[in-house]
Structures are given as structure tokens and as C-alpha cells.
Novice: 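Attaching a single structure in C-alpha cells format; questions to follow.
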Amino acid sequence: MTHESEKLFLSALRTTLPVFFGYIPLGMAFGFLLAGAGYHWIYALVMSIFVYTGAGQFIAVALLAAGAQLMEFVTVTLLINLRHSFYGLSLLDKFSGVGKVKPYLIFALTDETYALLTTARVPEGASKARFYFYISALDHLYWIAGSVLGAVLGSMLRLNLEGLTFVLAALFVVLTIEQYYASRTRFPFIAAIGAGVISLMLFSPENILLLSIVIGTLILMVHEKVTKREHADLTDAGIYPKEEK
Amino acid sequence: MRETAYMLMVIATVALATFATRVLPFVFFSSREPPKLLSTIEKNLPPMILLLLLIYCLKDVQWFQPPYGAPEILTIVSVTALHVWKRNAMLSIFAGTGMYMFLVQFDVFSFLFG
């Protein structure tokens with residue numbers, strides 16, 4: 001590795017450190033679960049390499065244990081992971097021009113990687129594609145390592161890690177604050193609190209994330225329409241100047 | 001042997017379904033422009049989704065039973081305060097996580113609500 005790319009790699013390593021501390025115990029929990037259901041650790045490896053989705057893998061184990069049909073795996077996985085489509089929507093611009101790593105970046109787009117990619121700043125003068133690739137691949141690696149570790153160790157190990165996965169909540173707090181400083185509009189935060197509180201009150205835990213994102217997006221769209229109309233009315237009334245085209 | 005084949009089929013199915021949800025917007029908007037409304041809210045999605053991910057982390061909190069979500073709320077408030085003050089991501093995240101682990105493992109709030 002050249003000095004430049006080594007520096008970039010270290011920068012990505014620092015950026016992903018909180019995810020490391022979240023994915024190792026979370027991956028281990030998945031490994032425990034799969035081993036506990038009587039499956040060889042090699043399946044934990046294969047699933048974490050090729051599926052790579054937190055909640056989706058946990059639910060897949062539950063479905064396996066219940067002896068579900070393939071169609072059930074398809075519907076449940078699609079519903080659980082539909083939120084990822086919203087992530088892609090806001091990355092269309094960011095991911096254009098990243099070249100041949102694009103398919104991998106799309107494949108590896110988990111909640112946490114999305115959070116890092118939308119907030120982390122590419123170091124001055126560095127390649128965006130390479131920085132994004134390092135972040136995505138490191139997160140992926142942590143998840144694989146955690147799940148294999150969990151499946152191999154099974155219940156051999158009794159470490160008190162209770163509360164460690166809250167590192168991901170702390171990460172989201174910090175990234176939300178960074179987004180707050182970086183964005184000019186405050187409305188997305190109001191929309192999120194509205195949609196989040198409604199969803200916490202009304203929906204069951206496994207549906208909260210997708211439904212709150214759908215509700216929040218609808219709120220954003222309605223808000224956009226309404227403010228635009230207000231703006232247009234005021235422009236017609238001569239209160240706001242007409243936009244120059 | 002049948003077990004192995006079934007397992008691999010399940011994994012392939014789940015993998016494809018997951019990838020489909022991630023690639024959908026990129027395939028859909030590869031040849032056409034996204035509608036105007038979408039491109040204006042596109043910029044507002046990341047801040048909203050990050051805050052929703054945080055709220056999602058609170059999905060299992062029992063708000064009406066001791067300790068009434070106190071460890072979670074106190075940790076989030078502390079991380080927020082520390083981050084606004086020092087603006088050091090690593091410090092905020094790890095101090096907050098350590099604090100939360102301490103609060104839940106030693107059941108610190110039990111004396112208040114016990």
C-alpha cells in the first residue's frame with residue numbers, strides 16, 4: 001500500500017471503530033442463535049458473507065427453526081429490508097462516479113454503513129470510491145468475524161457484554177448531531193420525531209423501522225408540497241420575488 | 001445432504017431478496033431522472049433516517065415499568081451534551097456506551113424505583 005492509501009485506510013478504520021464494537025457482539029449473538037438452532041458455524045460464515053443484514057439474518061434463523069417455506073423467506077426478508085430502498089434513494093448522487101466498487105457498495109448498504117457514508121467526510125484529496133469501499137468492507141468484515149466467533153464459541157464463553165450493543169445507539173446520536181450541524185433545514189428532525197413517536201406507540205417492534213421511515217417520508221413530501229404552494233401563492237401575490245430561471 | 005441443499009437454497013433466497021431491496025432505487029433511476037419531488041426530499045432523508053434509527057434503538061424499552069427507560073434517556077442526553085461540548089465522536093460514543101453498560105449491569109436505578 002502506498003502511504004496515501006494507508007492513511008486513507010486508517011481514516012476509514014477510525015470512522016468504523018464504533019461499528020466494530022457494535023457488530024462484534026451483535027454478530028456473535030447471531031452466531032450463538034444459529035449454533036443454538038443446531039447449525040454448523042460454516043453457515044454463519046456463508047450467511048454473513050452473502051446475506052449481510054442484521055435483523056434479516058436473525059429472522060431467517062427464526063424462520064428456519066419454524067420450518068418456513070421459501071416464499072415466506074422471500075416476503076419476510078423483503079418487508080424487513082424494504083427500508084434499504086430509501087437509503088439508496090438518498091445515495092443516487094453520492095454513488096454516481098464511484099466506478100467498479102458501486103455494486104459492492106450497494107450490496108453492503110446496512111443501516112450502520114448508510115449512517116457512516118451519509119455523514120463521514122471524505123478526507124481532503126482522497127478518492128471517494130476508495131474511502132467508501134474501505135468503510136463498507138471493514139463493517140462487513142466485523143460482521144463476518146463476529147458471527148463466526150459467536151457460532152464457534154457457542155455458549156462456551158460467558159462474558160457480560162450486556163449493554164454493549166447500545167454503542168450503535170450512541171453512534172446514531174453522534175451522527176444525528178453531525179447531520180444537524182451540516183444541514184440547513186430543521187424540518188427532517190421534526191418529521192423524524194413525529195414519525196418515530198407515532199410508530200413507537202402504534203406498531204410492534206419488528207415493524208417500527210420500516211413504517212416510521214415510510215411515515216416520515218410522507219411527512220417530508222407533504223411538507224415540501226405545502227411550502228412550495230405557499231411560496232407560489234406569495235409569489236403570485238407579489239410578496240416573494242419570482243424565481244429567475 | 002438434502003439438509004445442506006435446503007440450507008444453501010434458503011441462504012441464496014434471503015441474500016437475493018436483501019440485495020433486491022438495496023439495488024431497487026439504483027436500477028429504477030439508472031435511465032430516468034428521479035421525479036422532482038423526490039430529488040428535493042432526497043437531501044432531507046439522511047438526517048431523518050438517522051434520527052429514526054436512533055428512535056428504533058429504543059423499541060424494546062419498557063416505558064411504563066421501572067426503570068422507565070432512565071438508562072437509555074440519561075445516556076442519550078449525556079452523549080448529546082458531551083458531543084455538543086467536545087465534538088469528539090470517539091469520546092462521545094465510548095464514554096456513553098461505558099456509562100450505559102455500567103447503568104444496566106449494576107442496575108443503578110433499582111434503588112430509585114425499587
Side-chain angles (χ1 to χ4, degrees), chain A residues 17-18 43 46-47 50-51 53 56 60 64 70 73-74 77-78 81-82 84-86 88-90 92 106-107 109 111 115 118 160 162-164 166-177 179-180 183 185 187-189 191-193 195-196 200 205 208-209 212-213 216-217 220-221 224, chain B residues 7-26 29 34 37-60 63 71-72 75-76 79-80 83-84 87 89-90 92-97 100-105:
Chain A
L17 202 59
Y43 290 121
V46 176
M47 276 182 101
F50 293 105
V51 181
T53 168
L64 275 172
L70 275 187
F73 281 96
V74 175
T77 308
L78 286 177
N81 286 334
L82 201 57
H84 292 138
S85 300
F86 290 85
L89 279 182
S90 56
L92 292 172
I106 294 172
F107 160 79
L109 198 58
D111 299 339
T118 49
N160 193 354
E162 191 191 352
L164 182 55
F166 207 70
V167 70
L168 295 175
L171 172 69
F172 294 140
V173 172
V174 166
L175 295 180
T176 303
I177 295 171
Q179 288 279 348
Y180 186 84
S183 79
T185 152
F187 191 74
F189 302 98
I193 290 171
L200 275 182
I208 285 178
L209 190 52
S212 65
I213 290 176
T217 308
L220 286 182
M221 287 165 96
E224 184 67 31
Chain B
M7 195 60 185
L8 291 179
M9 208 140 83
V10 165
I11 294 175
T13 307
V14 176
L16 282 175
T18 302
F19 185 66
T21 62
R22 291 178 181 159
V23 81
L24 185 74
F26 294 95
F29 296 117
L37 182 62
L38 198 69
S39 39
T40 45
I41 68 160
E42 178 190 271
K43 284 183 288 301
N44 292 335
L45 277 179
M48 185 194 76
I49 289 174
L50 283 173
L51 190 48
L52 284 174
L53 284 169
L54 170 62
I55 294 172
Y56 176 71
C57 292
L58 304 175
K59 68 183 189 307
D60 295 318
W63 299 103
E72 287 78 13
T75 305
I76 289 173
V79 173
T80 306
H83 195 65
V84 170
R87 204 87 190 270
M90 288 297 142
S92 317
I93 292 167
F94 291 113
T97 308
Y100 182 77
M101 288 176 78
F102 175 78
L103 291 177
V104 295
Q105 290 192 11

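Quick note on labels: first sequence line is chain A, next is B, and so on, each numbered from 1.
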Novice: On a heavy-atom basis, which atom in B:M48 and which in A:A191 lie closest, and how many Å separate them?
Specialist: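 Taking every non-hydrogen atom into account, SD-CB, 4.4 Å.
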Novice: Between B:L24, B:L52, B:V79, which residue shows the highest count of heavy-atom pairs closer than 4.5 Å to chain A?
Specialist: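 Option with the top pair count is B:L52.
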Novice: Which atoms of B:L51 are under 4.5 Å from chain A, going by heavy atoms: the side chain, the backbone, both sets, or neither?
Specialist: both
Novice: Using side-chain heavy atoms (C-beta onward) and a distance below 4.5 Å, is A:V167 in contact with B:F94?
Specialist: yes
Novice: Of all the heavy-atom pairs spanning A:P18 and B:M90, show the shortest one and how long it is.
Specialist: CD-CE, 3.5 Å
Novice: Counting C-beta onward and ignoring hydrogens, is there a side-chain heavy-atom pair between A:V173 and B:S92 closer than 4.5 Å?
Specialist: no
Novice: Which answer fits A:T118, side chain, backbone, both or neither, if we ask what part of it has an atom under 4.5 Å from a heavy atom of chain B?
Specialist: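 Contact with chain B: side chain only.
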Novice: So for A:T185, is it side chain, backbone, both, or neither that comes closer than 4.5 Å to the heavy atoms of chain B?
Specialist: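 Side chain of A:T185 only, per the 4.5 Å heavy-atom cut-off to chain B.
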Novice: Select, from B:A20, B:A17, B:P47, the one with the greatest count of heavy-atom pairs under 4.5 Å involving chain A.
Specialist: B:P47
Novice: Among B:V14, B:T13, B:V10, whose side chain to side chain contact (heavy atoms under 4.5 Å, CB included) with A:V51 holds?
Specialist: B:V14
Novice: Look at the rings of B:Y100 and A:F166 and say which category their plane angle falls in: under 30° parallel, 30 to 60° tilted, over 60° perpendicular.
Specialist: parallel
Novice: Ignoring hydrogens, what is the shortest heavy-atom contact between B:T97 and A:A170? Give both atom names and the distance.
Specialist: OG1-CB, 4.0 Å
Novice: Measure distances from A:L89 to the heavy atoms of chain B and classify the residue's part below 4.5 Å as side chain, backbone, both or neither.
Specialist: both
Novice: Ignoring hydrogens, what is the shortest heavy-atom contact between A:Q179 and B:P46? Give both atom names and the distance.
Specialist: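 For A:Q179 and B:P46, the tightest heavy-atom pair comes out as NE2-CB, 4.0 Å.
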Novice: Which bit of A:L200 is near chain B, if near means a heavy-atom gap under 4.5 Å: side chain, backbone, both or neither?
Specialist: side chain
Novice: For a 4.5 angstrom cut-off between non-hydrogen side-chain atoms, does B:F19 reach A:I106?
Specialist: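 They are in contact (side-chain heavy atoms under 4.5 Å apart), so the answer is yes.
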Novice: Might you point out which heavy atoms bring B:I55 and A:A192 nearest each other, and give the distance in Å?
Specialist: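 Distance-wise, the nearest heavy atoms are CD1-O, 3.7 Å.
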Novice: Does a side-chain heavy-atom distance below 4.5 Å link B:P34 with A:L92?
Specialist: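 In short, these two side chains touch, coming nearer than 4.5 Å.
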Novice: Applying side-chain contact (heavy atoms from CB on, under 4.5 Å) to A:F187 and B:N44, what does each step give before you reach the verdict?
Specialist: CA-CA 8 Å; A:F187 191 74; B:N44 292 335; over 6 Å; no
Novice: Does any non-hydrogen side-chain atom of B:Y56 lie less than 4.5 Å from one of A:S212?
Specialist: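 With C-beta onward as the side chain, the pair stays apart.
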Novice: Walk me through it: do A:L64 and B:M7 pass the test side-chain contact (heavy atoms from CB on, under 4.5 Å)?
Specialist: CA-CA 9 Å; A:L64 275 172; B:M7 195 60 185; 3.5 Å; yes
Novice: I'd like to verify something: which residue of B:L50, B:T75, B:V23 has the highest number of heavy-atom pairs under 4.5 Å with chain A?
Specialist: B:L50
Novice: For B:P71, is it the side chain, the backbone, both, or neither that has a heavy atom closer than 4.5 Å to a heavy atom of chain A?
Specialist: neither
Novice: Which of the residues B:L103, B:L8, B:V84, B:D60 is involved in the greatest number of heavy-atom pairs with chain A at under 4.5 angstrom?
Specialist: B:V84
